[in-house]
Amino acid sequence: MTKFEAVTNYNNFYEFSTDKGAVAPLSKNFVTEPWTVQVGGLVSNPKTYSIDDLLKFGEEERIYRLRCVEAWAMVIPWLGFPLNKLLKEVEPTSEAKYVRFETLYDPKQMPGQNSGFYSWPYVEGLRVDEAMNDLTILSTGLYGKRLYPQNGAPIRLVVPWKYGFKSIKSIVRIDLVADMPTSLWMAAAPHEYGFYANVNPNVDHPRWSQASERVIGETGRRNTLLFNGYEEEVAYLYEGMDLSAWY
Ligand code: MTE
């Protein structure tokens with residue numbers, strides 16, 4: 001496992017800063033209580049959850065590899081629950097094909113959102129079957145503690161077989177939708193970041209190789225694993241799809 005110090009001090013959270021070391025100090029006073037997550041769209045039972053409501057889904061430990069698209073990696077012991085527990089409760093209708101997630105928009109607290117370079121709020125999406133896979137969790141903690149702001153407090157997504165940018169932080173809205181959502185990264189650089197973003201050593205980023213990765217805390221590099229090592233659990237989701245397509 002990656003040291004707690006590294007997990008909580010080397011962060012990508014552009015709402016606070018593009019400097020990984022600046023995120024922890026800048027997010028120190030981020031207000032995460034009270035907090036609600038509104039779940040709606042194409043569902044039979046729309047519902048607004050408090051964090052206490054979400055904690056009732058349980059907290060199990062999941063030790064997952066996290067692979068950033070920038071070619072560094074960590075191993076993190078998350079606490080959380082499968083997203084499918086929440087989705088079953090709100091009952092997606094048959095028209096729902098995708099899940100769209102949104103981060104809080106609050107430029108007063110999140111200085112990075114004053115930059116016009118990105119289309120805030122941060123948005124991410126999954127296909128409904130990807131969202132229902134047991135590996136997909138909503139995380140409320142790591143290393144046995146509640147999440148710190150820099151890791152996406154009070155609740156964030158973790159999708160271990162996809163590049164880290166899919167694992168959206170500090171979620172306030174989850175909507176079931178019919179059409180593929182446009183994520184912040186798809187809008188910012190459509191030639192570089194696609195919707196699927198499955199970890200794949202054979203498909204390079206247009207500006208760098210994805211064949212190997214730097215594991216934080218280790219010297220040297222490791223080979224990148226297809227689906228970040230979770231091929232057995234998730235390859236069925238992409239049967240018939242061309243995995244050599246970079247997106
Ligand atoms: N979520 C939001 N809202 N904003 C971000 O900038 N960065 C992503 C992802 N989730 C990001 C985000 C990226 S690129 C990565 S690699 C992971 O968060 C990093 O998670 P960590 O800092 O907890 O390791």
Side-chain angles (χ1 to χ4, degrees), residues 7-8 10-20 22-41 46-51 53-55 66 68-70 76 78-81 83 86-87 90 98-127 130-131 136-142 146-160 162-177 180-190 193-195 197:
V7 175
T8 52
Y10 186 88
N11 301 103
N12 273 336
F13 201 166
Y14 276 30
E15 283 85 338
F16 291 100
S17 176
T18 55
D19 172 353
K20 292 177 188 23
V23 174
L26 282 170
S27 62
K28 207 170 53 182
N29 299 317
F30 183 53
V31 178
T32 56
E33 223 188 294
W35 190 279
T36 55
V37 181
Q38 212 177 316
V39 186
K47 192 167 167 180
T48 298
Y49 293 90
S50 68
I51 295 305
D53 295 333
L54 293 167
L55 287 169
L66 173 83
C68 182
V69 75
E70 298 164 337
I76 303 177
W78 301 105
L79 293 176
F81 61 91
L83 173 62
L86 178 146
L87 293 178
V90 297
Y98 296 90
V99 189
R100 180 184 182 279
F101 304 85
E102 208 175 286
T103 296
L104 178 71
Y105 180 70
D106 185 356
K108 286 210 181 82
Q109 288 203 79
M110 298 170 133
Q113 289 180 333
N114 293 304
S115 151
F117 193 75
Y118 295 104
S119 55
W120 308 108
Y122 198 100
V123 167
E124 260 308 335
L126 294 173
R127 236 169 42 197
E130 296 177 317
T136 305
I137 60 167
L138 283 174
S139 171
T140 45
L142 60 82
R146 284 282 104 74
L147 286 179
Y148 287 6
Q150 59 265 40
N151 294 107
I155 187 144
R156 59 94 57 88
L157 185 71
V158 181
V159 193
K162 292 178 179 284
Y163 290 119
F165 67 84
K166 300 293 292 182
S167 293
I168 179 173
K169 297 178 170 181
S170 305
I171 298 168
V172 291
R173 268 195 86 96
I174 301 177
D175 285 296
L176 279 288
V177 295
M180 183 183 280
T182 302
S183 69
L184 173 136
W185 287 109
M186 288 160 75
Y193 305 104
F195 178 80

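Every value quoted in this text rests on a predicted model; they were computed, and no experiment measured them.
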Tell me, do Leu66 and Val158 make a side-chain contact under 4.5 Å, heavy atoms counted?
no

May I ask you to decide if Phe195's main-chain N or O and Lys166's side chain share a donor-acceptor pair within less than 3.5 Å?
yes

Identify which one of Val99, Leu138, Ile174 satisfies the side-chain contact (heavy atoms from CB on, under 4.5 Å) criterion when paired with Leu157.
Leu138

Locate the shortest heavy-atom distance separating Ala153 from Phe30; write the atom from each residue and the value.
O-CE2, 3.7 Å

Does Trp35 reach the main-chain N or O of Ile171 with its side chain, forming a donor-acceptor pair under 3.5 Å?
yes

Name the orientation class of the two ring planes belonging to Tyr163 and Phe165 (parallel below 30°, tilted from 30 to 60°, perpendicular beyond 60°).
parallel

Counting N and O atoms only, with roles assigned by atom type, does the side chain of Gln150 sit under 3.5 Å from a partner on the main chain of Phe16, one being a donor and the other an acceptor?
no

Minimum-distance pair of heavy atoms, taken over all atoms of Ala188 and Pro190
C-CD, 3.8 Å

Is it true that Trp185 and Tyr118 share a donor-acceptor pair across their side chains at a distance under 3.5 Å?
no

N/O donor-acceptor pair under 3.5 Å between Trp120 side chain and Ser115 backbone:
yes

Drop me the distance from Met110's CE to Glu15's CD, to the nearest 0.5 angstrom.
5.0 Å

Let's go through Leu176 and Leu87 carefully: what are the C-alpha distance in whole Å and the side-chain angles of both, what is the deciding distance for side chain to side chain contact (heavy atoms under 4.5 Å, CB included) to 0.1 Å, and is it a yes or a no?
CA-CA 9 Å; Leu176 279 288; Leu87 293 178; 3.9 Å; yes

Trp78: partners by side chain to side chain donor-acceptor pair (under 3.5 Å), with sequence neighbours left out:
none

If the condition is side chain to side chain donor-acceptor pair (under 3.5 Å), which residues does Ser50 pass it with, not counting sequence neighbours?
Asp53

Pro107 and Gln113: which non-hydrogen atoms are nearest, and at how many Å?
N-OE1, 3.3 Å

Between Val31 and Gln109, what is the shortest heavy-atom contact and its length?
N-OE1, 2.8 Å

Salt bridge or not for Lys162 and Glu124, using N-O below 4.0 Å?
no

Find the distance between OG (Ser139) and CD1 (Ile76) and round it off to the nearest 0.5 Å.
9.0 Å

Any donor-acceptor N/O pair, Ser183 side chain to Met186 backbone, under 3.5 Å:
yes

Over all atoms of both residues, closest heavy-atom pair of Pro121 and Tyr105
CB-CB, 4.1 Å

Looking at CG of Asn151 and CG of Asn12, how far apart are the two atoms once the value is rounded to the nearest 0.5 Å?
11.0 Å

Note, Val123 side chain near Thr182 side chain (heavy atom, < 4.5 Å)
no

State whether the side chain of Arg156 and the backbone N or O of Ser167 hold a donor-acceptor pair below 3.5 Å, judged by distance alone.
yes

Should Val172 and Gln38 be marked as a side chain to side chain contact (heavy atoms under 4.5 Å, CB included) after you check the CA-CA gap, both sets of side-chain angles, and the distance that decides it?
CA-CA 6 Å; Val172 291; Gln38 212 177 316; over 6 Å; no

Would you kindly check if the NZ (Lys) or CZ (Arg) of Lys169 is within the cone defined by 45 degrees around the ring axis of Phe101 and under 6.0 Å from the six-membered ring centre?
no

Mind running side chain to side chain contact (heavy atoms under 4.5 Å, CB included) on Tyr14 and Thr103 for me, showing each step along the way?
CA-CA 11 Å; Tyr14 276 30; Thr103 296; over 6 Å; no

Would the distance check show the side chain of Thr136 and the main-chain N or O of Glu130 forming a donor-acceptor pair, the cut-off being under 3.5 Å?
yes

To the nearest 0.5 Å, what is the distance between CG on Leu54 and OG1 on Thr36?
9.5 Å

Any side-chain heavy atom of Leu147 within less than 4.5 Å of one from Leu142?
yes

Gap separating the CZ atom of Phe13 from the OG1 atom of Thr18, nearest 0.5 angstrom:
13.5 Å

Does Ile51 reach the side chain of Glu33, with side-chain heavy atoms less than 4.5 Å apart?
no

Give the intermediate values and the outcome of side chain to side chain contact (heavy atoms under 4.5 Å, CB included) for residues Phe81 and Leu86.
CA-CA 9 Å; Phe81 61 91; Leu86 178 146; 4.3 Å; yes

Where Ala22 and Ser17 come nearest, the two heavy atoms and their spacing:
CB-OG, 3.7 Å

